[in-house]
Enquirer: 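Dropping a structure here in structure tokens format, bear with me for questions.
A note on names: the letters A, B, ... follow the listed sequences, proteins ahead of strands, and every chain is numbered from 1. Please read these numbers as outputs of a predicted model, since none were measured by experiment.
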Number of protein chains: 2
Amino acid sequence: MAQPRVKRSELSTPPEFAGDPIVWAAWLYYEERMTQEEVAERLGVSRASVVNFLQEARDRNIVTIAVASRHLQSVQIARELSRRYELNSCVVIPQGSDELPIYERIGRAGARLLLDILEPNDVLGVSWGRTVLSLSAELAEAKMPGVTVVQIAGSAIGTKEFSPELCTTNIAYRIGGRCVNLHAPGIVSRPDVKKLFMQETSLVEQFRLIRSCTKVLFGVANLSDASTALRSGYMTPEKIKPYVKRGAIAVMSGRFLDAEGHPVLGALDEQMIGLTLDEIAQIPERICVAGGVEKIPAIRSVLRGGYATILVTDEPTARALVDADD
Amino acid sequence: MAQPRVKRSELSTPPEFAGDPIVWAAWLYYEERMTQEEVAERLGVSRASVVNFLQEARDRNIVTIAVASRHLQSVQIARELSRRYELNSCVVIPQGSDELPIYERIGRAGARLLLDILEPNDVLGVSWGRTVLSLSAELAEAKMPGVTVVQIAGSAIGTKEFSPELCTTNIAYRIGGRCVNLHAPGIVSRPDVKKLFMQETSLVEQFRLIRSCTKVLFGVANLSDASTALRSGYMTPEKIKPYVKRGAIAVMSGRFLDAEGHPVLGALDEQMIGLTLDEIAQIPERICVAGGVEKIPAIRSVLRGGYATILVTDEPTARALVDADD
DNA sequence: ACTCTTGATTGACAATTGTCAAGCGATCTC
DNA sequence: GAGATCGCTTGACAATTGTCAATCAAGAGT
């Protein structure tokens, strides 16, 4: 039954068809449940090659393997969190291998969830940060007709591997939607400079769009430890000092919150270009992706303030949030 | 590090949360790439249980594993078929294990493709048959906003495990769309009975909807061998005799075609309730799911007649169709 | 014509995964 | 309350899968 074994290079294989054995190996293995040995025989290569084909098929997203986010939402601890903080929905990922940093693991769960809840013609506001960037990188490709992705907070300088725009462009590209970036810094030097920027017609239009967001996606940072905001030079310790003095412990989308979830306003707010906390709270569906024990107080603050309708986090953090007494 | 091993039944596990360990096993194994042993340790159960959990997770579609249909379309033989018969797209599945019947394997590929090409607000016409039924059973659950699924050919009596309505209801249920079944037999006893039926307001409305289909899905049957149509009592040998005499070799959606792909009309056409071939040809996107060497002449006839814009078939059949001389 | 480099392929071995019969405990029946 | 039954769990073994260093083919450079 087995065909004679031929090396791939001996077959007349124009380069554009080189994917064939990979696709077929994937089909036979994953859909028809043949063993790798059977696939190898059918394709006329060694089993080791089949292993390589399958690896490449996964890498190139020819096969997709994903845990449906609605099932993560039905996990007990997720339900408890939803009830406690009146969330529309909540995803809790189990404590797993520590090989990947927590924000990548949460980013992946957030990516699955985002695809499940995005609807055609949504306008998705996107803040920026480490977890949001991970989410954008983990997103599977999918066609979501008519979706617009807009940046809701001005940019920081950006390091080699991280620029704020990457969050929006990644997401927009993968879901095949329109991408609208804010062409403005997140913090300008003086309040009057902000006014100048905000009068620019392009920014006026962008803000009109931003205020029509149907969903928004953001992370949360601590003020105490080295967050992306600090490391990226977006904020400096002296700039945030007055906020800390007045009780600020958390930052979301560049804005400050105290432990109770109340906004902490200050001079800097008049220099920031991006949605305010009040404006974010107007958006119907607000997805917060954040986890890790060090962020617990900050996340609690966001939840108490009612700024999130959906939370994606990890198990230890979720337990701490449920156990917290108000 | 390992938690003490506790039996699931010793934990306070209200039945509605019984899925928890299954969901988490799935996440840890498939998303975090832990080994089953690590998962077992983390969950405090034996590895054998993890195997069972993962099995159940797959069965219950908590994890989905699927080969993207657009990659099957890029396979060489599929491109050749597309060029040869001017198809918009073509999916060819490789010859695999013979454990599953050919129509189930093609049904699965068709299911993947359907999800890829369905767009919001589509009106999908669905014929009925063995392969279409398999497709409907293999379809993954997904929300396709605003899609309507309509039956385009009246029903036959239906056997225990197969009723024509199942094709439409399955598809509609899984994509979360509206389901419109034809409440009429596929073949009535006399032409004047058909006229009476067609004047019924409910049928008039249904046919108006059917004629607005944006996509249509159908199989093909041979006339020579025992097709579903014959086995289900929908047609009888004596009824189809006149058609065979005049060259009919294929049936699609209850209507007859000759080897060249030309319609073969006859007395029976005036007793059939359902779309005519001409009406089907008006629909913009026409998906034909059919395979198996015995169906080659019938499929070729459908392709020659230009009744399909998308074909889902298997490799040996595809090769035969490409090699055929016109 | 020879050698070097690159990238795909392979066989042999190690690790992981699937199977299955036996075990265990909860619940039901008489 | 003994015994039967059902469903879930487990340990041990068998089968499958992943790894990796060695090999091979083809093209580039001298």
Side-chain angles (χ1 to χ4, degrees), chain A residues 1-60 62-65 67 76 96-97 99-100, chain B residues 1-60 62-65 67 76 96-97 99-100:
Chain A
M1 281 296 105
Q3 284 96 350
R5 296 210 170 182
V6 231
K7 302 220 166 70
R8 233 216 290 181
S9 41
E10 286 176 28
L11 297 164
S12 65
T13 314
E16 69 267 31
F17 301 135
D20 278 23
I22 291 164
V23 175
W24 281 17
W27 178 269
L28 294 170
Y29 186 75
Y30 286 108
E31 301 273 13
E32 307 250 346
R33 296 180 169 280
M34 287 169 77
T35 67
Q36 294 181 353
E37 198 129 83
E38 292 172 307
V39 175
E41 202 165 294
R42 170 75 186 72
L43 260 46
V45 297
S46 74
R47 200 183 53 73
S49 290
V50 174
V51 174
N52 294 334
F53 291 166
L54 293 176
Q55 182 60 49
E56 191 171 343
R58 287 188 297 265
D59 290 346
R60 287 176 33 196
I62 290 168
V63 284
T64 52
I65 302 179
V67 175
Q76 185 175 17
S97 70
E99 288 178 30
L100 288 175
Chain B
M1 283 296 102
Q3 283 96 351
R5 296 212 170 179
V6 230
K7 301 219 166 69
R8 238 219 283 183
S9 41
E10 289 177 26
L11 295 167
S12 65
T13 312
E16 69 266 31
F17 301 135
D20 279 23
I22 291 164
V23 175
W24 281 15
W27 177 269
L28 294 170
Y29 185 75
Y30 286 108
E31 299 274 12
E32 307 247 345
R33 297 180 168 281
M34 286 168 78
T35 66
Q36 295 181 353
E37 200 130 82
E38 292 171 306
V39 176
E41 202 165 294
R42 170 75 185 72
L43 261 46
V45 296
S46 74
R47 200 182 55 71
S49 289
V50 174
V51 175
N52 294 335
F53 291 167
L54 294 176
Q55 182 60 51
E56 191 172 345
R58 286 187 297 264
D59 289 347
R60 287 176 34 195
I62 290 169
V63 284
T64 50
I65 302 179
V67 176
Q76 185 174 18
S97 70
E99 289 178 29
L100 287 175

Enquirer: Give a yes or no on whether B:Arg58 atom CZ has more than 12 heavy-atom contacts from other residues, nucleotides or ligands under 6.0 Å away.
Expert: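 Above 12, so yes.
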Enquirer: List every contact pair, protein side and nucleotides 17-19 of chain C side both N or O, where the distance is under 3.5 Å.
Expert:
{"residue": "C:dT17", "atom": "OP1", "partner": "B:Tyr29", "partner atom": "OH", "Å": "2.8"}
{"residue": "C:dT17", "atom": "OP2", "partner": "B:Gln36", "partner atom": "N", "Å": "2.8"}
{"residue": "C:dG18", "atom": "OP2", "partner": "B:Gln36", "partner atom": "NE2", "Å": "2.5"}
{"residue": "C:dG18", "atom": "N7", "partner": "B:Arg47", "partner atom": "NH2", "Å": "3.4"}
{"residue": "C:dG18", "atom": "O6", "partner": "B:Arg47", "partner atom": "NH2", "Å": "2.6"}

Enquirer: If I take atom CZ in residue B:Phe53 and atom P in nucleotide D:dC8, what distance separates them, rounded to the nearest angstrom?
Expert: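 In whole Å, D:dC8 P lies 10 Å from B:Phe53 CZ.
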Enquirer: With a 4.5 Å cut-off on side-chain heavy atoms, are B:Glu38 and B:Thr35 touching?
Expert: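 Side chain of B:Thr35 against side chain of B:Glu38, heavy atoms only: contact under 4.5 Å found.
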Enquirer: Nearest-Å distance, CZ (A:Arg33) to C1' (D:dA15)?
Expert: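 Going from A:Arg33 (CZ) to D:dA15 (C1'), I get 16 Å.
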Enquirer: Considering just the side-chain nitrogens and oxygens of B:Ser46, establish if one lies under 4.0 Å of OP1 or OP2 belonging to D:dG11.
Expert: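 Answer is no, no contact under 4.0 Å.
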Enquirer: Decide whether B:Glu56 and B:Asn52 meet the rule of one side-chain donor and one side-chain acceptor closer than 3.5 Å.
Expert: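 The answer is no; no qualifying pair exists.
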Enquirer: The criterion is side chain to side chain donor-acceptor pair (under 3.5 Å); which residues satisfy it with A:Glu32, sequence neighbours excluded?
Expert: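 Only A:Trp27, B:Arg105 meet the side chain to side chain donor-acceptor pair (under 3.5 Å) criterion with A:Glu32.
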Enquirer: Test A:Val50 against every option in A:Glu37, A:Gln55, A:Gln36 by the side chain to side chain contact (heavy atoms under 4.5 Å, CB included) rule and name the one that passes.
Expert: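 Only one of A:Glu37, A:Gln55, A:Gln36 forms a side chain to side chain contact (heavy atoms under 4.5 Å, CB included) with A:Val50, namely A:Gln36.
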